[in-house]
Amino acid sequence: MCALNLFKGQFYALTGEYPNIWVDYAKVILSKGQLESASGLKISKGENDLHLSWDSSIVETAENDNLSMVMISHPGRKRATSYLNAARRAEGSCFLPLNQEWKINEQMEIYVCFKSANGALISDSSYVGNLNGFPKSKEAEAEEANYHQLEARYELVARDYGKKRPDFAEGNPRSQGFPLHGKGILRFKK
């Protein structure tokens, strides 16, 4: 597959309608080839690394010495981390160190493919999955900020109401004076 066709194919990964368009990461294709793709993919997150595992059995065109290539996309930072020779297919797993705190805590989209030991063949890429969820939209962040402001205001009013309410409940509303347009003060009688 030529680079131009692969680039054009990426538009299939876009979802939604303008102006609300986003990437469907499961549809992104990073490589196309004749080698057997990865299957049985599983990912787990450690304190400073990821553990990726796959089914190491061979069905058709794979070899035990095929090398796994892993790409971790960090969409929030518009960056990626790649591991070109992460492990051999026969090993069935690999550890991927992430040496910066933001890499382990922010949204990650993980892809894997295999290449032959001599680099001549490659497999189709496989989407492993998302870790840490998706970031909130600006609208969702604004709505959450507004909610927290309303919640804080409610707590303040509830606290003030709680202080005033016991006086009234005991039948002793506080007396307040109101000016009567300069003609004296009107007082409440008990």
**Asked** Of the non-hydrogen atoms in M69 and I122, which two are nearest, and what is the gap between them?
**Response** CE-CD1, 3.5 Å
**Prompt:** How would you list all residue pairs meeting side-chain hydrogen bond (donor to acceptor under 3.5 Å, both in side chains) that involve residues 59-71, not counting sequence neighbours?
**Reply:** N66-R89
**Prompt:** Take atom CZ in R79; do more than 12 heavy atoms of anything else shown fall under 6.0 Å from it?
**Reply:** no
**Item:** Closest heavy-atom pair and its distance - A120, N118
**Value:** N-OD1, 2.9 Å
**Message:** Checking the side chain of D124 only, and the main-chain atoms of G33 only, is there a donor and an acceptor separated by less than 3.5 Å?
**Reply:** yes
**Complete:** Between Y83 and I72 the two heavy atoms that sit nearest each other are CE1-CD1, 3.9 Å
**Item:** Full working for side chain to side chain contact (heavy atoms under 4.5 Å, CB included) between L98 and D49
**Value:** CA-CA 5 Å; L98 296 173; D49 60 9; 5.9 Å; no
**Asked** Is the shortest heavy-atom distance from the side chain of R153 to the side chain of L150 under 4.5 Å?
**Response** no
**Asked** Are the side chains of L131 and L50 in touch, meaning some heavy atoms are under 4.5 Å apart?
**Response** yes
**Prompt:** Without hydrogens or angle criteria, can the side chains of E109 and Q107 be said to hold a donor-acceptor pair below 3.5 Å?
**Reply:** yes
**Message:** Within the supplied structure, the quantity of interest is the number of heavy atoms (other residues, nucleotides, ligands) at a distance under 6.0 Å from K42 NZ; does it exceed 12?
**Reply:** no
**Asked** Do any N or O atoms from the side chain of S31 and from the backbone of S125 form a donor-acceptor pair under 3.5 angstrom?
**Response** yes
**Prompt:** Do other residues, nucleotides or ligands put more than 12 heavy atoms under 6.0 Å from the CD atom of E91?
**Reply:** yes
**Prompt:** Is the shortest heavy-atom distance from the side chain of V23 to the side chain of T15 under 4.5 Å?
**Reply:** no
**Message:** Working to the nearest 0.5 angstrom, can you tell me the gap between S116 OG and L35 CG?
**Reply:** 5.5 Å
**Item:** Sequence neighbours excluded - ring-ring contact (aromatic ring centres under 6.0 Å, His included) pairs with any residue from residues 50-69
**Value:** H51-F95, W54-F114
**Message:** Test side chain to side chain contact (heavy atoms under 4.5 Å, CB included) on L67 and R88; report intermediate values, then the result.
**Reply:** CA-CA 5 Å; L67 298 169; R88 290 183 311 117; 3.9 Å; yes
**Check: L41 and I43 side chains under 4.5 Å, non-hydrogen atoms** = no
**Item:** Over all atoms of both residues, closest heavy-atom pair of E17 and I21
**Value:** C-CG1, 3.7 Å
**Prompt:** N132 side chain to E106 main-chain N or O, any donor-acceptor pair under 3.5 Å?
**Reply:** yes
**Request:** Give a yes or no on whether L14 and Y18 share a hydrophobic cluster (residues Ile, Leu, Val, Met, Phe, Trp, Tyr; joining criterion: side-chain heavy atoms under 4.5 Å apart).
**Result:** yes
**Message:** Using modelled atom types and a 3.5 Å cut-off, is there a donor and acceptor pairing between side-chain atoms of Y127 and backbone atoms of V112?
**Reply:** no
**Asked** Do you reckon M108 sits in the same ILVMFWY cluster as V70, going by side-chain contacts under 4.5 Å, direct or chained?
**Response** yes
**Asked** Distance from S126 atom OG to I110 atom CD1, nearest 0.5 Å?
**Response** 13.0 Å
**Complete:** Between S57 and E36 the two heavy atoms that sit nearest each other are O-OE2, 3.9 Å
**Prompt:** Which atom names give the shortest non-hydrogen contact between C94 and L96, and what distance separates them?
**Reply:** SG-CD2, 3.8 Å
**Asked** Short question: side chain of S123, backbone of S37 - any donor-acceptor pair under 3.5 Å?
**Response** no
**Asked** Tell me the ring-ring contact (aromatic ring centres under 6.0 Å, His included) pairs involving residues 56-77, sequence neighbours left out?
**Response** H74-W102
**Nearest-0.5 Å distance, CD of residue Q100 to NZ of residue K103** = 4.5 Å
**Prompt:** Heavy-atom distance under 4.5 Å between the side chains of E101 and N105, does that happen here?
**Reply:** yes
**Item:** Residue pair Y111 / V28, side-chain heavy-atom distance below 4.5 Å
**Value:** yes
**Item:** Main-chain N/O of G92 paired with S56 side-chain donor or acceptor, under 3.5 Å
**Value:** no
